[in-house]
Amino acid sequence: MLLVRAYFSKKRSIMSSYRELEIYKESKRLAIEIHKMTMALPKHELFEEGSQIRRSSKSITSMIVEGYGRRSYKADFIKFLIFSQSECDMKQ
């Protein structure tokens, strides 16, 4: 719900791209950082757990992009923001 509240609590100007969203920029930066970190895992964890962590971190960015594509449908947009928030919660 944090993402939803942050998005709808501010007065926004019309954005031309999801790339302007701060949350997108941060999630992309973190996905890259997480990817690099998982490559340092021990061999026995590198492929299974490491792969799952990498896919999960990248799915946050993907859901933001997909949600932005559906921004004209407020309910769909909110749904994908909530999915992104859920992906973050799973990692804690």
Side-chain angles (χ1 to χ4, degrees):
M1 292 306 288
L2 180 62
L3 289 174
V4 176
R5 273 188 261 130
Y7 182 81
F8 288 104
S9 65
K10 297 178 182 178
K11 294 185 178 179
R12 326 173 285 288
S13 59
I14 297 175
M15 291 177 280
S16 60
S17 173
Y18 59 86
R19 290 181 179 96
E20 295 177 27
L21 295 170
E22 290 300 318
I23 193 70
Y24 171 78
K25 293 174 188 175
E26 183 68 9
S27 68
K28 186 171 181 177
R29 183 190 69 75
L30 288 171
I32 292 168
E33 186 177 323
I34 290 167
H35 183 93
K36 290 176 184 176
M37 288 171 51
T38 60
M39 298 310 288
L41 289 171
K43 285 280 188 199
H44 65 279
E45 293 178 345
L46 181 62
F47 297 106
E48 283 190 41
E49 289 88 352
S51 176
Q52 174 60 33
I53 293 168
R54 289 188 293 275
R55 285 193 316 268
S56 182
S57 68
K58 292 171 187 169
S59 72
I60 297 167
T61 305
S62 298
M63 287 186 205
I64 292 169
V65 172
E66 189 168 351
Y68 185 82
R70 297 172 187 237
R71 69 193 176 284
S72 57
Y73 304 103
K74 184 177 177 179
D76 274 350
F77 184 63
I78 291 171
K79 177 177 72 173
F80 281 94
L81 289 177
I82 291 169
F83 289 167
S84 296
Q85 182 71 49
S86 299
E87 286 290 333
C88 292
D89 292 342
M90 286 177 28
K91 286 162 197 48
Q92 294 178 356

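Throughout, numbering of the chain's residues begins at 1 and tracks the sequence.
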>> Using 0.5 Å steps for rounding, measure from the OG atom of Ser62 to the NZ atom of Lys28.
In response: 10.5 Å

> Say you draw a straight line from NE2 of His35 to CG of Leu30; how long is it, rounded to the nearest 0.5 Å?
Replying inline: 14.5 Å

> How would you list, by chain and number, every residue that makes a salt bridge (charged side-chain N to carboxylate O under 4.0 Å, His left out) with Glu49, sequence neighbours excluded?
Replying inline: none

> For Glu45, which residues count as a side chain to side chain donor-acceptor pair (under 3.5 Å) partner, sequence neighbours excluded?
Replying inline: none

>> Among residues at least two apart in sequence or on other chains, which ones pass side chain to side chain donor-acceptor pair (under 3.5 Å) with Arg29?
In response: Glu26, Glu33

> How long is the span from the CG atom in Leu21 to the OG1 atom in Thr61, to the nearest 0.5 Å?
Replying inline: 11.5 Å

> Can Phe47 be reached from Met39 by stepping across I, L, V, M, F, W or Y side chains whose heavy atoms are under 4.5 Å apart?
Replying inline: yes

> Is any side-chain heavy atom of Arg55 closer than 4.5 Å to a side-chain heavy atom of Gln52?
Replying inline: yes

> Shortest non-hydrogen contact from Ile53 to Thr38?
Replying inline: CG2-CG2, 3.6 Å

>> Nearest 0.5 angstrom please: Leu41 CG to Arg54 CZ, how far?
In response: 7.5 Å

> Considering all heavy atoms of both residues, which atom of Tyr24 and which atom of Arg19 are nearest to each other, and what is their separation?
Replying inline: CD2-CA, 3.7 Å

> Any sub-3.5 Å donor-acceptor pair from Ser59's side-chain atoms to Ser56's backbone N or O?
Replying inline: yes

